[in-house]
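Here's the structure we're looking at; comments come further down.
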Amino acid sequence: MKRANFVATTAAASGVFALGFELPLKPRLAEAAEGAPAIRLQGFVRIAPDETVTIVSPQAEMGQGVATSIPMLVAEELDCDWARVRIESFPTVDKIYNNPAFGTMGTGGSSSVRGWYLPARKVGGQARAMLVAAAAAKFGVPATDLRTQNGVVYHDASSRKATYGELASAAAALTAPTDVTLKTADKFTIIGKPLRRLDLRDKVTGRAGFGIDVVVPGMLFAAIKQSPVFGGGVGRYEESSILKRPGVKKVVNLKSGVAVVADRYWRAKSALDAMAITWQDGANAALDETAIATAIAAGFSETALVAKKVGDPDAALASAAKVVTAEYHVPYLAHAPMEPMNCTASVTADRCEIWAPTQAPGPVVGVAARLTNLAPDKVTVNMTYLGGGFGRRFAMDFVQQAILLSQAAGAPVKVIWSREEDVQHDVYRPRSSTRIKAGLDASGKLVAWQQRIVSPSIANASPNAPNPPTKADSTSVEGSADKRYTIPNFIVDYVPKDFAVPVFYWRSVGNSQNGFFFESMLDEVAHAAGKDPYAFRKELVADKPRLLNVLEIAAKNGNWGKPLPKGSGRGIALHESFGSMVAEVAEVSVDAKNHLRVHRVSCAIDCGQVVNPNTVEAQVQSAVIYGLTAALFGRITINKGRVVQTNFTDYPMVRLAQAPHINVEIVKSAIAPTGVGEPGTPPIAPAVANAIFAATGKRIRTLPFVRAGFTA
Amino acid sequence: MISFSVNKKRVSVDDAPDTPLLWVIRDTVGLTGTKFGCGIAQCGACTVLVDGSPTRSCSFPVGAVAGKSVTTIEGLANGETLSAVQQAWLETQVPQCGYCQSGMIVATTALLKEHPKPTDAQIDAALTNICRCGTYDRIRVAVKKAAGLA
């Protein structure tokens, strides 16, 4: 029986004979926590006598290609032969693998390559220095007389050489230098090359091990149903007939839900489906769309928290030659990664072992330790591939359930959610509404911007959040408050309105809605000023060359200004998030029956120094499809305290036939890398909405587009 | 017991006949390359070939494959030699998270058997699987590459 491959590889590797840098791992890692610089090598690089170089990626691989990009950073400075590089997930949760951007092990916020750009290269540089030192000792020459290339150390003066595989054992005994000089960008041979990902062979053969594929000896399977109403709980259920079904071991009341544990997943699932359960709906059973909309509308006249203020927007609006006012709305959204939530846990009296497709293995340790009353060092987290994350897998609910179910069953348990549970028990992108007043002077110049945002707050949902909140939640206003257009009088303020619907990070977080608000409204303002939307934006970023550059590239590649047939149109949007700048031009057509087709999207991204253009292109395409899916179809609604939607039938996804061709141009840059996974998402909804306006004259201020009568 | 073949090997399973083929392949036979995505034949992550026809195994009872031949993603390569579709997928660098790709590759294998030189419309009609990473642009390129059209 096949084990999850990423896990199995890791497990096998830790038992590998100790040559090269493979030294007893755990004690070394404990030292590493105290900051000994050499130790990073033991945890990151292993060189075998056959010249294979194994490089560990400390980040979750959920599609973004980070399991290749971070090893590329190490390999660049190590000067090894890329063809001999193998990748491995981290063997354990440890401080040496903490995301430098987070201070714990976690993958999100488009931070992996940003955070590891220097630390991972330093690891490679240290390993190279140790190999050179070993060669210097072997040849009896100064290290400065040696050079390295493709996994070989050369002493040109005596025409001697030694391979890394030959030197690894001696090098491993040396102390790593604390200071290494990193290459300048002009010397890069790996960074910046469109290299193939090292995880894809396993992903085209079915061998890649995702969380749902984990097999542990003696493992049982659990299916789960949670209270349909948020905050509700289990009432009564009839379990005696269920326990008689084949393979069923146990029915577990988790208070917020019920799980059936059986020897095979379908036996658990079909038993759960056969079980009559009544629920205690609790305090939120009356919550619906009307109640939420009413509360949000009221928020517009309540006291707001100022996120950013420049100049005197009130005065500027009062004296403006023209004022444009509009209100925009976006709904709650589910993440719906392809791999439904799942986790496997094995809890015994003195150990807790977890196999999880998680974005946050660091925090998982703390959660598991608290739930089991075990010390954190008794908790092991085994990483698997993630079948998508998009922020959803930062949450701990599915991990907690696996732990509780293993405790209840007295055996390892893998819990798997149905898609219906996934859609109805997500932690959602908050819905959000905004009112914007923009003022133009007599020449059509944008002189005032006044924006209020009313939405649930992700920060308020934290148990440690001050009540009432003392500042505007940055995740609610990001993408509006921090917009870098030159507008002399500017205010964005915020009124939090919280409901029982749990809210969380969704690809690009607040930028996902604020990108739509700001870039759509800007289009309205440009038209009101009688200006071309592209030219209008150019004026607003005239003093910001990187923003101007991506705008110009997208416009050029998107054929901005070239004639189109009637019923077709182009829209443009520019947005900066996670440190990167992205402009997108969408080309759409709308037929007589309101059928909307997005034909082409031209993207330009400036993400600083690109590490792997292959994966950057893929991530921007991915971000566009993710954002386009939400803009076209995405809407989670609430009725009677519960989510109305159930599965891909009523929460539809863009499919191949609806997918536009997406062209991506990456700006050449030697500035340190910035985010890539998320910044492509915010501009697509406004680019398409603006294109629909160009094609039809219809302005869409409420997402998704299907609500405005379009089909796709 | 229900007997059928999986990737040319004969198997007999004691699952109830109404058990979805997907869970039998994954949990009883032990081949986990075929994925669960929605459970209602919407997303295609569970696509396998039953006597050569693309079939969404999450909604197909194992009782209906008695005596038939099932091919999963694990059955496409010949040892370490990838199939033409798999090779095109690798060269085009299609997968991101990879979770939906088994279903995509199996569905494409069936498409190219029926239409060795598919048109875009035929590709659109055959590949209705969902990919949340949005690999569609590269999928279209890879299908054409596998068909010798690109």
Side-chain angles (χ1 to χ4, degrees), chain A residues 1-2 4 61-65 196-197 199-210 212-213 215 221 246 264-266 269-270 336-340 385-390 416 418-420 614 618-619 621-626 628-629 647-649 653-657 659-662, chain B residues 14-16 18-20 22-24 26-28 30-40 42-43 45 72-74 76-77 82-83 85-87 89-91 93-102 104-105 120-121 123-125 127-140:
Chain A
M1 202 149 297
K2 188 165 63 71
E61 177 55 71
M62 48 190 176
Q64 75 281 48
R196 286 190 182 190
R197 290 171 54 154
D199 55 340
L200 293 201
R201 194 178 170 91
D202 283 347
K203 288 181 174 177
V204 303
T205 53
R207 283 184 204 146
F210 295 85
I212 203 169
D213 304 328
V215 175
F221 296 82
R264 293 176 195 173
Y265 174 71
W266 192 255
K269 174 70 163 68
S270 53
M338 284 311 297
E339 181 188 17
Y385 284 121
L386 281 62
F390 315 119
I416 302 173
S418 65
R419 177 59 64 187
E420 289 78 9
N614 168 26
Q619 280 297 285
Q621 291 177 331
S622 172
V624 165
I625 296 291
Y626 201 78
L628 179 62
T629 299
N647 202 316
F648 295 133
T649 41
M653 300 293 149
V654 164
R655 298 172 195 248
L656 183 68
H661 172 59
I662 304 163
Chain B
D14 61 353
D15 293 280
D18 63 351
T19 305
L22 168 68
W23 297 106
V24 175
R26 288 181 54 83
D27 294 344
T28 313
L31 294 173
T32 54
T34 306
K35 299 301 192 224
F36 165 57
C38 68
I40 56 168
Q42 275 288 308
C43 77
T72 70
I73 184 72
E74 291 93 341
L76 296 185
L82 299 179
S83 74
V85 177
Q86 289 171 313
Q87 189 62 37
W89 244 246
L90 195 57
E91 284 170 13
Q93 293 281 289
V94 172
Q96 291 185 25
C97 89
Y99 194 82
C100 74
Q101 299 296 343
S102 296
M104 291 283 187
I105 289 167
D120 278 313
I123 294 171
D124 288 346
L127 300 183
T128 57
N129 303 32
I130 294 171
C131 170
R132 285 292 277 150
C133 296
T135 60
Y136 300 121
D137 227 330
R138 289 188 182 182
I139 285 175
R140 193 179 295 281

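These numbers come from a predicted model, not from an experiment. Below, all heavy atoms of this structure are taken into account, side chains as well, without hydrogens, waters or symmetry copies. In what follows, chains carry the letters A, B, and so on, assigned in the order in which the sequence lines appear, proteins first and then strands, with residues in each chain numbered from 1.
Every side chain to side chain donor-acceptor pair (under 3.5 Å) that A:Arg419 has, sequence neighbours left out, goes to A:Asp422. Among residues two or more places apart in sequence or in another chain, the side chain to side chain donor-acceptor pair (under 3.5 Å) test is passed with A:Gln64 by none.
Closest approach of A:Lys203 and A:Ala208 over heavy atoms only: CG-CB, 3.7 Å. Summarising the geometry of B:Thr32 relative to B:Arg26, their closest heavy-atom pair is O-NH1, 3.1 Å, with the distance given to 0.1 Å. B:Leu90 approaches A:Arg201 most closely through the heavy-atom pair CD1-N, 3.7 Å. Residue A:Ile212 comes nearest to B:Phe36 through the heavy atom pair CD1-CD2, 4.1 Å, listed as atom of the first residue, atom of the second, then distance.
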Passes side-chain contact (heavy atoms from CB on, under 4.5 Å), A:Ser418 versus A:Lys269? Steps please. CA-CA 9 Å; A:Ser418 65; A:Lys269 174 70 163 68; 4.0 Å; yes
What do the steps show when you test A:Glu339 against B:Lys35 for side-chain contact (heavy atoms from CB on, under 4.5 Å), and what is the final call? CA-CA 8 Å; A:Glu339 181 188 17; B:Lys35 299 301 192 224; over 6 Å; no
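With a 4.5 Å cut-off on non-hydrogen atoms, A:Pro660 touches chain B through its backbone but not through its side chain. In this structure, chain A has no heavy atom under 4.5 Å from any part of B:Thr135. At a 4.5 Å heavy-atom cutoff, the contact between A:Leu386 and chain B is made by backbone atoms alone. Residue A:Ala336 touches chain B through both its backbone and its side chain, counting heavy-atom pairs closer than 4.5 Å. With a threshold of 4.5 angstrom between heavy atoms, B:Ile105 approaches chain A through side-chain atoms but not through N, CA, C or O. Heavy atoms of A:Met338 lying under 4.5 Å from chain B belong to its backbone as well as its side chain. For a residue to count as touching a neighbouring chain, one of its non-hydrogen atoms must lie under 4.5 Å from one of that chain's; by this rule B:Leu22 does not touch chain A. Within the 4.5 angstrom heavy-atom criterion, no atom of A:Val624 approaches chain B. Proximity to chain B is limited to the side chain of A:Ile416, based on heavy atoms less than 4.5 angstrom apart. Neither the backbone nor the side chain of A:Ser270 comes within contact range of chain B, judged by heavy atoms closer than 4.5 Å. With a 4.5 Å cut-off on non-hydrogen atoms, B:Asp15 touches chain A through its backbone and its side chain both.
In this structure, the side chain of B:Tyr99 does not engage the main chain of A:Tyr385 through any donor-acceptor pair within 3.5 Å.
Contact annotation: the side chain of A:Thr629 approaches that of B:Arg132 to within less than 4.5 Å [non-hydrogen atoms, C-beta and beyond].
The candidate with the highest count of non-hydrogen atom pairs below 4.5 Å against chain A, out of B:Cys100, B:Pro95, B:Ser102, is B:Pro95. Annotation: maximal heavy-atom pairing with chain A below 4.5 Å, among B:Gln93, B:Arg140, B:Gln86, occurs at B:Gln93. Per-residue counts of heavy-atom pairs under 4.5 Å with chain A were compared for B:Gly98, B:Gly37, B:Cys131, B:Gly134; the largest is that of B:Gly37. If you tally non-hydrogen atom pairs under 4.5 Å between each of A:Asn614, A:Ile625, A:Ile662 and chain B, the highest count goes to A:Asn614. Counting heavy-atom pairs under 4.5 Å between each of A:Gly388, A:Ala618, A:Ala623 and chain B puts A:Ala618 at the top. Residue with the most contacts toward chain A among B:Asp137, B:Leu76, B:Val24, B:Ile73: B:Asp137 (heavy-atom pairs, distance under 4.5 Å). For the options A:Pro337, A:Gly389, A:Ala657, heavy-atom pairs under 4.5 Å to chain B are most numerous at A:Ala657. For the set B:Ile40, B:Leu127, B:Val94, B:Ile139, the count of heavy-atom pairs under 4.5 angstrom toward chain A peaks at B:Ile40.
With respect to A:Arg207 and A:Asp199, no salt bridge is recorded, no charged nitrogen being found less than 4.0 Å from a carboxylate O. Between A:Glu61 and A:Arg197 there is a salt bridge, with a side-chain nitrogen of the basic residue lying less than 4.0 Å from a carboxylate oxygen of the acidic one.
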